[in-house]
Amino acid sequence: MRVPGVVFASHALLPEAAGDQALLQVVNVATLPGIVMASYAMPDVHWGYGFPIGGVAATDTASGGVISPGGVGFDISCGVRLLAAGDDRDALAPHRLRRLMDELGRCIPRGAGRGAVWQVGRAELEHVLTDGARYAVERGHGVARDLWRCEDEGVLPGADPGQVSDRSVERGLGQLGSLGSGNHFLEVQAVETVYDEAAAGAMGLRERQVCVMIHCGSRGLGHQICTDHVRTMDRAMARYGIEVPDRQLACVPVDSEEGRAYLAAMAVAANYARANRQLLSEAARRAFADTVGCGLDLVYDISHNLAKLETHQVAGAPLRLCVHRKGATRALSAGHPELPRDLAGFGQPVLIPGTMGTASYVLAGVPGGGAWHSTCHGAGRVRSRHRAAREVDGQQLRSELEAQGIAVRGTSWRGLAEEAPTAYKDIDRVVEASEGAGLCRKVARLVPLGVVKG
DNA sequence: ATGTCC
């Protein structure tokens, strides 16, 4: 290990599921060339590809620091977007909620492969890949204000479609504006508790308000980009004299041909993911307008799978770092120049999707935030998909959720069972540990009214 | 996460 491993967690949250190698992965990441300060893990840490999910690692770009696709994940720029409705939950009587959920269930494409809100050709897709959500808005899929409330204003700079394989583009063509599967969802929620009135007010949130949370990523396009660049780096590593304890940690110097190629391709996938969430927002807006007649204003949009080049003070000197966040969310403190002007006094909004049927959170960045201003990203899995599918009956789970008043529009019974709340850590404990560790503070807690499940 | 193996 070149640096220590630092795990932010309560004892109860430490990964202990049989065979969960997450803490070994924290150790493995600590061996990467150029890593600075520590290999960090958030309270929702669990076993991932190479890096743990919930891992944060920064490398010094000026002294051979590496970039590793495993430190971003296969679902590049997977993230969350929250929209606030004009209506409060009191206005959403059961029959109106049912109509709304039926319409969302009809118009939100989801599941492996199939369906997209926006059918584009190659030329149009290329604009999406370089200009992300901004291009979607320029083409009428949203309003200018949406972009002010997106991380990076909806566009990650430096995207080069020339670094992306034909196969990646092919996979991306038919999926623009779709949830995908696994833990991805679109939920109708209500604000249950506001912890910080001033911050919530600035974000446009109040108690009892209806919201829409969208959790999805870069679909097959991002997956293919990760696959392609892991293979390239696996072959190139030896030329740079790099050895890693796990082939899944394939990496190259940030400042190398392969490193720059990955970052340019990663930005392509990030822009696809941001446009994807923008298009799904527009579909949700149409469904709300048609069924309950109210609008949806964007609260924020933020990724939890990304590497970014950031300048941080290390031992009193500014260093240009490549900060990998995989299942970890950036959480800038108040006053940072990258924050939207009207939110500058409150810290970066951090959107935490809970497990299906449980709560979700809005958090904010705090001064002195550790781990390069990062915090948790969600509940964190504790049981494998296989085990959850064996132990949970999807149809029974849906009945239980409906009995709690949560409308469910799913895709497959098995997929529903794999995402059972029992397969995940308790989101309340994860958020409590994150706040307790000084990584963020609570702004609001939201509860589900209806879920469209990928 | 992922046309859950080109």
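Everything quoted here is computed from the prediction, not taken from an experiment. Every chain is numbered from 1, with letters handed out A, B, ... down the list of sequences.
With hydrogens and angles ignored, the 3.5 Å screen pairs a side-chain donor or acceptor of A:Asn271 with a backbone N or O of A:Ala267.
Rounded to a whole Å, the CG atom of A:Asp75 is 15 Å from the P atom of B:dT4. Counting to the nearest Å, the C1' atom of B:dC5 and the CD atom of A:Gln224 are 13 Å from each other. As rounded to whole Å, 17 Å separates atom P of B:dT4 from atom OH of A:Tyr49. When rounded to the nearest whole Å, the span between CD of A:Glu419 and C1' of B:dT2 equals 14 Å. The nearest whole Å value for the distance from the CD1 atom in A:Ile225 to the P atom in B:dT2 is 14 Å. For the pair A:Arg414 CZ and B:dT4 P, the interatomic distance rounds to 13 Å; values are reported in whole Å. Rounded to whole Å, the distance from CZ on A:Arg110 to P on B:dT2 is 14 Å. When the C1' atom of B:dT2 is taken as reference, atom NE2 of A:His386 falls 19 Å away, rounded to whole Å.
Residue A:Gly222 is classed as having no contact, given no heavy-atom separation below 4.0 Å to the nucleic acid. Among the atoms of the strands shown, only primed sugar atoms or phosphate atoms (P, OP1, OP2) are found under 4.0 Å from some heavy atom of A:Gln175. Within the nucleic acid shown, A:Gly182 comes within 4.0 Å of sugar-phosphate atoms alone, with no base atom in reach, counting heavy atoms only. At a threshold of 4.0 angstrom between heavy atoms, the contacts of A:Arg114 with the nucleic acid are absent. Using a 4.0 Å heavy-atom cutoff across all strands shown, A:Gly220 reaches sugar-phosphate atoms only and no base atom.
Nearer to the 5' terminus of DNA chain B, by closest-nucleotide assignment, is the contact made by A:Phe74 (compared with the other of A:Phe74 and A:Ala112).
Among residues two or more places apart in sequence or in another chain, the salt bridge (Lys or Arg N to Asp or Glu O under 4.0 Å) test is passed with A:Arg235 by none.
Residue pairs meeting the salt bridge (charged side-chain N to carboxylate O under 4.0 Å, His left out) criterion with at least one member in residues 275-285 of chain A, sequence neighbours excluded: A:Asp146-A:Arg285, A:Arg277-A:Asp301, A:Glu282-A:Arg285.
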Between A:Val117 and A:Leu280, does a side chain to side chain contact (heavy atoms under 4.5 Å, CB included) hold up when you go through it step by step? CA-CA 7 Å; A:Val117 168; A:Leu280 290 169; 4.1 Å; yes
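Note on A:Ser181: every side-chain N or O is 4.0 Å or more away from OP1 and OP2 of B:dT4. A:Arg385 has no side-chain polar atom (N or O) that falls below the 4.0 Å cut-off from OP1 or OP2 of B:dT4.
If you run side-chain hydrogen bond (donor to acceptor under 3.5 Å, both in side chains) between A:His377 and each of A:Thr329, A:Asn305, A:Asp44, only A:Asp44 comes through.
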